[in-house]
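Inspection log for the structure reproduced underneath, given as structure tokens.
All residue numbers refer to positions in the sequence shown, counting from 1. Counting starts at 1 for both ligands and their atoms, in listed order.
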Amino acid sequence: MATRLDGRQLAATIEERLQAVVAERLERAGRPPGLAVLRVGDDPASGVYVANKEKACSRIGITNLGAHLPAHTPAAEVLSTIQRLNADPAVDGILLQLPLPAGLDERPLLAAIDPEKDADGLHTLNLGRLLKGEPGPRSCTPAGVMALLADAGVELAGKRAVVVGRSILVGQPMALMLQAANATVSIGHSRTEDLAALTRQADVLVVAAGKPRMIGAEHVKPGAVVVDVGIHRIEAEDGGKARLCGDVRFEEVEPIATAISPVPGGVGPMTVTLLLVNTVASWCQRCGLDQPLADLLP
Ligand code: NDP
């Protein structure tokens, strides 16, 4: 039976580490780290995500400097809010919570975030830094996957890694991080012919296709490490409680894998934690302090 890559437990361990990093440097910094989660409108799922992020901030000593703008806020006003946060010396990280209300184009708004305060690690400059192996904030979900793999002692150098999905949010930065760790990386996507033949080559398989339960035993080489990034809410047919599932048919793959991440409780908690890591790392840098988190920013 496979080892479970327990994201909840690792997230808690990293939070303790962040708490200590903040507490040890607070006096020298002269101010706590600040994260601004900017929410526009009232998407209900976003409300839950933002609340989780704010709770996580308060656990480790990050000040929440976020703003919640009404759904009908004009783009120019959202932009000026971002510019104000860019200029605010108490803000170390900015996150624009997606999705935005219909009619607001996220691209110019995301591009307006100061790259040094890019808590999500998705700014064009920071993706370029990842490509070039330069330090900077890292995309949270793939960096969270790398932390899970490192914590489980998964050796990547020389191994075959396959990433299913090529989004800018997950698949592409994931592939770059695995490659930087000296894995030999392939990417599968919706136009890949015979996906199972590709994924069966993987020693490490990361699935971020956004298709519920699409990866089964036929896709997995026995002994592989499988990370399931997908997350889907499945409504119960009998009107009972909805449940969450991933892109992987866990019960089929667990018996043949060496290690596997569950959904929920795998990659999800790590994504929030990496947001905090990016923010604390930015705080250290902006306050001229040493930054002891490089191992979490691959
Ligand atoms: P996108 O929809 O942006 O990208 C999905 C990718 O999967 C695309 O590259 C697509 O290919 C590929 N794909 C879709 N169908 C198939 C298929 N049948 N076979 C092979 N490849 C396929 O999704 P995201 O990357 O944003 O997210 C992926 C999943 O991860 C979602 O379930 C999302 O909810 C979850 N997620 C979870 C997070 C967490 O914290 N746990 C954080 C972020 C995302 P193509 O490019 O050809 O269209």
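With respect to atom 11 (O) of ligand 1, the closest heavy atom belonging to the protein is S190 N, 3.2 Å. In terms of protein heavy-atom proximity, atom 21 (N) of ligand 1 is closest to H189 C, 3.1 Å. Protein heavy atom closest to atom 42 (C) of ligand 1, with residue, atom name and distance, is T141 OG1, 3.3 Å. For atom 31 (C) of ligand 1, the nearest non-hydrogen atom of the protein is G210 CA, 3.5 Å. Here the protein heavy atom with the shortest distance to atom 24 (P) of ligand 1 is S167 OG, 3.7 Å. Protein heavy atom nearest atom 7 (O) of ligand 1, with residue, atom name and distance: A209 CA, 3.2 Å.
For the pair I231 and ligand 1, a heavy-atom separation below 4.0 Å is found. At least one heavy atom of G268 sits under 4.0 Å from some atom of ligand 1. Ligand 1 lies within reach of H232, whose nearest heavy atom is under 4.0 Å from it.
The distance from ligand 1 to the heavy atoms of G230 drops below 4.0 Å at these ligand atoms: 29 (C), 30 (O), 32 (O), 35 (C). Close approach to G165 involves these atoms of ligand 1, each under 4.0 Å from a residue heavy atom: 6 (C), 7 (O), 9 (O), 12 (C). Close approach of ligand 1 to L169 is summarised as follows: ligand atoms under 4.0 Å from at least one heavy atom of the residue are 26 (O), 43 (C). Taking every heavy atom of T271 and a limit of under 4.0 angstrom, the matching atoms of ligand 1 come to 39 (C), 40 (O). Heavy-atom contacts of V170 reach the following atoms of ligand 1: 25 (O), 43 (C), 44 (C) (cutoff under 4.0 Å). Heavy-atom proximity to A208, at under 4.0 Å, picks out these atoms of ligand 1: 5 (C), 6 (C), 7 (O), 28 (C).
Side-chain atoms of H123 and D114 form no donor-acceptor pair, as typed in the model, at a separation below 3.5 Å.
Using a cutoff of 4.0 Å between basic side-chain nitrogens and carboxylate oxygens, E235 and R243 are not scored as salt-bridged.
Between D42 and H68, some side-chain heavy-atom pair lies under the 4.5 Å cut-off. With a 4.5 Å cut-off on side-chain heavy atoms, R17 and L296 count as touching. Residues E218 and E252 form a side-chain contact, since some pair of their non-hydrogen atoms from C-beta on lies under 4.5 Å apart. Here the side chains of C287 and R25 are not in contact, with every heavy-atom distance at 4.5 Å or above.
Put simply, V170 and L156 are part of the same group of oily side chains (I, L, V, M, F, W, Y) that touch within less than 4.5 Å, one to the next. Under the 4.5 Å side-chain heavy-atom criterion for grouping Ile, Leu, Val, Met, Phe, Trp and Tyr, V225 is connected to V206 within one hydrophobic cluster.
Here V229 has heavy atoms under 4.0 Å from ligand 1 in both its backbone and its side chain. When non-hydrogen atoms are compared, ligand 1 lies under 4.0 Å from the side chain of M214 (C-beta onward) but not from its backbone.
Counting only heavy atoms, the protein never gets under 4.0 Å from atom 2 (O) of ligand 1.
Heavy atoms only, all atoms of each residue included: A281 and L297 are closest at CB-CD1, 3.8 Å.
Of the candidates L275, D92, N278, L35 forms a side-chain contact (heavy atoms from CB on, under 4.5 Å) with just one, namely L275. The only option from L276, T279, V21, T273 that meets the side-chain contact (heavy atoms from CB on, under 4.5 Å) definition with I60 turns out to be L276.
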Derivation and outcome, salt bridge (Lys or Arg N to Asp or Glu O under 4.0 Å), residues R213 and E251: CA-CA 10 Å; R213 294 171 55 77; E251 71 291 352; 2.8 Å; yes

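Of the N or O atoms in R166, one or more lie within a sub-3.5 Å distance of an N or O in ligand 1. In terms of polar-atom proximity, R191 is not counted as a contact of ligand 1, lacking any N or O under 3.5 Å from an N or O of the ligand.
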